[in-house]
Trainee: 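Sharing a structure with you now.
Letters A, B, ... are given to chains in the order of the sequence lines, protein chains preceding strands, and every chain is numbered from 1.
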2 protein chains.
Amino acid sequence: MPHSLSAAENFIEQMGLITQDDGGPRIAGRIMGLLIVEGQPFSLAEMAERLKISKASASTNARLLANAGMIRQTGRAGDRQDYYELGEDPYQRMMETVSARLRKVADLVFEAETRFADDDGGARSRVHQLAEFYAQSADFLADWSKQSVSKGDASRNAAPPSTGDRDDN
Amino acid sequence: MPHSLSAAENFIEQMGLITQDDGGPRIAGRIMGLLIVEGQPFSLAEMAERLKISKASASTNARLLANAGMIRQTGRAGDRQDYYELGEDPYQRMMETVSARLRKVADLVFEAETRFADDDGGARSRVHQLAEFYAQSADFLADWSKQSVSKGDASRNAAPPSTGDRDDN
DNA sequence: CAGTTCGTTCAGTATTGACTGAACTATCGG
DNA sequence: CCGATAGTTCAGTCAATACTGAACGAACTG
């Protein structure tokens with residue numbers, strides 16, 4: 001009975017692998033999977049026990065996810081442990097995090113662009129195009145995440161943001 | 001004069017760091033940066049020389065980028081070296097690659113979902129929600145990448161895809 | 001004001017994977 | 001054919017970082 005993972009274990013492990021492939025810590029993905037599958041708050045000690053990981057990892061990665069807005073800290077009456085559960089709109093928040101990352105990258109590229117001379121064989125304008133791309137992507141995802149998506153009601157026909165050129169360099 | 005990077009060097013290095021933060025190989029980002037900044041084909045030997053990297057790395061990472069559709073292989077008359085240059089719509093292709101990745105993840109989660117019993121305290125439906133989220137995101141990016149974005153003409157008011165529920169599990 | 005029970009932090013370990021140098025294969029030019 | 005020139009592959013090295021165990025600090029409990 002130890003072999004052939006249960007549906008829950010399998011899902012949790014997949015989440016770990018997916019997260020790892022995306023360049024994140026595997027344990028963060030596993031915690032995310034655990035909270036999704038169980039649908040209720042877990043204490044750090046419970047996570048550590050269930051996922052066979054150290055307290056330290058549970059603490060660090062839970063905080064990481066909380067900072068990314070994907071899970072949220074809770075408490076229980078008469079219990080001084082920290083509990084964590086899925087946040088309000090976890091996937092929406094995930095989008096917002098990605099958007100924020102893109103915006104940061106856009107700013108980096110805009111900054112790099114300023115160091116070019118105005119004519120550089122078109123180099124500057126190509127760099128500018130890249131920065132614009134990142135900025136537009138960030139805006140686009142941010143707007144999309146404002147719509148209620150992937151929730152129970154799943155609104156259809158989300159309106160698109162207008163993707164005109166920006167002027168903030 | 002060796003200190004204080006030129007605009008080009010700085011940009012190339014930033015691209016490397018950005019790529020690294022995104023979980024990719026730093027050199028791939030640097031090559032991307034080089035091709036953007038120079039706007040003309042480079043041979044593997046030229047890349048290796050300019051970026052101070054090994055032939056092996058140039059070869060491997062150029063192929064990686066080409067497989068992702070972000071750059072494209074070219075040739076020159078009377079020259080048997082492999083040249084690489086920016087592809088048709090590099091950023092569009094970048095989006096398509098991200099979309100493909102999301103679709104792959106969605107499929108993994110759909111697959112994991114099937115292993116759950118129909119009633120599992122809502123576990124199955126929560127997993128399904130996650131799969132839907134990934135699938136919708138993939139569709140959304142794919143649709144968006146079909147619009148001409150971040151090109152010279154920069155079309156405004158891109159129409160949004162309708163994000164209704166899917167039924168392909 | 002002890003004694004517990006938490007969570008966090010930090011030094012050390014281990015693992016992953018990027019990168020390189022060198023060997024190998026293939027193709028072109030003479 | 002033979003030498004040279006390319007690109008790829010692969011074993012080995014190195015660096016980054018995920019993860020752990022243990023020490024620490026803070027906050028509740030009695």
Side-chain angles (χ1 to χ4, degrees), chain A residues 9 12-35 41-68 70-85 101, chain B residues 9 12-35 41-68 70-85 101:
Chain A
E9 313 289 344
I12 290 172
E13 208 48 44
Q14 287 297 325
M15 288 296 288
L17 293 176
I18 289 168
T19 303
Q20 188 166 52
D21 277 1
D22 280 344
R26 189 167 179 172
I27 288 185
R30 285 202 269 235
I31 291 177
M32 198 63 198
L34 175 65
L35 295 183
F42 266 70
S43 73
L44 292 177
E46 288 167 342
M47 290 181 203
E49 150 109 27
R50 168 75 173 265
L51 300 177
K52 305 273 204 330
I53 60 179
S54 69
K55 269 197 317 172
S57 288
S59 172
T60 301
N61 286 281
R63 194 143 31 85
L64 176 73
L65 290 170
N67 285 338
M70 297 184 46
I71 68 178
R72 145 177 79 181
Q73 198 174 345
T74 331
R76 277 188 190 171
D79 188 341
R80 56 195 179 94
Q81 286 181 99
D82 289 355
Y83 284 80
Y84 288 89
E85 65 183 353
R101 162 70 183 162
Chain B
E9 314 288 345
I12 290 171
E13 208 47 45
Q14 287 297 326
M15 288 296 288
L17 293 175
I18 288 169
T19 303
Q20 187 166 52
D21 276 2
D22 280 344
R26 189 166 179 173
I27 288 185
R30 285 202 270 235
I31 291 178
M32 197 64 198
L34 175 65
L35 294 184
F42 267 71
S43 73
L44 291 178
E46 289 168 342
M47 289 181 203
E49 150 108 26
R50 168 75 172 265
L51 299 177
K52 305 272 205 327
I53 60 179
S54 68
K55 270 197 317 172
S57 288
S59 171
T60 302
N61 286 281
R63 196 146 26 89
L64 177 73
L65 289 171
N67 285 337
M70 298 184 45
I71 68 177
R72 145 177 79 180
Q73 197 173 344
T74 330
R76 275 188 192 172
D79 189 340
R80 56 193 179 100
Q81 286 182 98
D82 289 355
Y83 285 80
Y84 287 90
E85 66 183 353
R101 162 69 184 163

Trainee: Could you state the atom-to-atom distance from CG of D79(A) to C1' of dG7(C) in whole Å?
Mentor: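 Roughly 13 Å, once rounded to whole Å.
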
Trainee: Say you draw a straight line from CD1 of I31(B) to CG of N61(B); how long is it, rounded to the nearest 0.5 Å?
Mentor: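 Answer for the CD1-CG pair, I31(B) versus N61(B), is 5.0 Å.
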
Trainee: State which residues pass side-chain contact (heavy atoms from CB on, under 4.5 Å) with Q20(B); sequence neighbours excluded, sorted by chain then number.
Mentor: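 Residues passing side-chain contact (heavy atoms from CB on, under 4.5 Å) with Q20(B): L17(B), R26(B).
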
Trainee: Check the distance between dT8(C)'s C1' and Y84(A)'s OH and give it to me in whole angstrom.
Mentor: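 In whole Å, dT8(C) C1' and Y84(A) OH are 10 Å from each other.
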
Trainee: For E85(A), check salt bridge (Lys or Arg N to Asp or Glu O under 4.0 Å) against everything at least two apart and list the hits.
Mentor: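 Checked E85(A) against salt bridge (Lys or Arg N to Asp or Glu O under 4.0 Å); matches are R72(A).
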
Trainee: Has R76(A) got a side-chain N or O lying under 4.0 Å from the OP1 or OP2 atom of dC6(C)?
Mentor: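 Answer is no, no contact under 4.0 Å.
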
Trainee: Could you pull out all residues at least two apart from Q73(B) that satisfy side chain to side chain donor-acceptor pair (under 3.5 Å)?
Mentor: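 D82(B).
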
Trainee: Between atom CD in E46(B) and atom P in dA6(D), what is the gap in whole Å?
Mentor: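 In whole Å, dA6(D) P lies 10 Å from E46(B) CD.
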
Trainee: Expressed in angstrom and rounded to an integer, what is the separation of Q81(B) atom CD from dA26(C) atom C1'?
Mentor: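 Result: 16 Å.
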
Trainee: Rounding to an integer number of Å, can you tell me how far R63(B) CZ sits from dA18(C) C1'?
Mentor: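 After rounding, the reported distance stands at 15 Å.
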
Trainee: Whole Å only: how far is the CG atom of L44(B) from the P atom of dT8(D)?
Mentor: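 Distance, rounded to whole Å: 6 Å.
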
Trainee: Which parts of nucleotides 10-30 of chain D does protein reach within less than 4.0 Å, heavy atoms only, written one letter per nucleotide 5' to 3' as B for base, S for sugar-phosphate only and - for none?
Mentor: --------SSBB-----BS--

Trainee: Applying side chain to side chain donor-acceptor pair (under 3.5 Å), name anything that partners R101(A), two or more places apart in sequence or on another chain.
Mentor: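 Applying side chain to side chain donor-acceptor pair (under 3.5 Å) to R101(A) gives D22(B).
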
Trainee: Listed by chain and number, what are the side chain to side chain donor-acceptor pair (under 3.5 Å) partners of S57(A), not counting sequence neighbours?
Mentor: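 Testing S57(A) for side chain to side chain donor-acceptor pair (under 3.5 Å), a comparison that skips the adjacent residues, returns S54(A).
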
Trainee: Starting at CG of L65(B) and ending at P of dA18(C), how long is that distance when rounded to a whole Å?
Mentor: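 Taking CG of L65(B) and P of dA18(C), I get 13 Å after rounding.
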
Trainee: Quickly work out the D82(B) CG to dT8(D) C1' distance and round it to whole Å.
Mentor: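 Answer to the nearest Å: 11 Å.
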
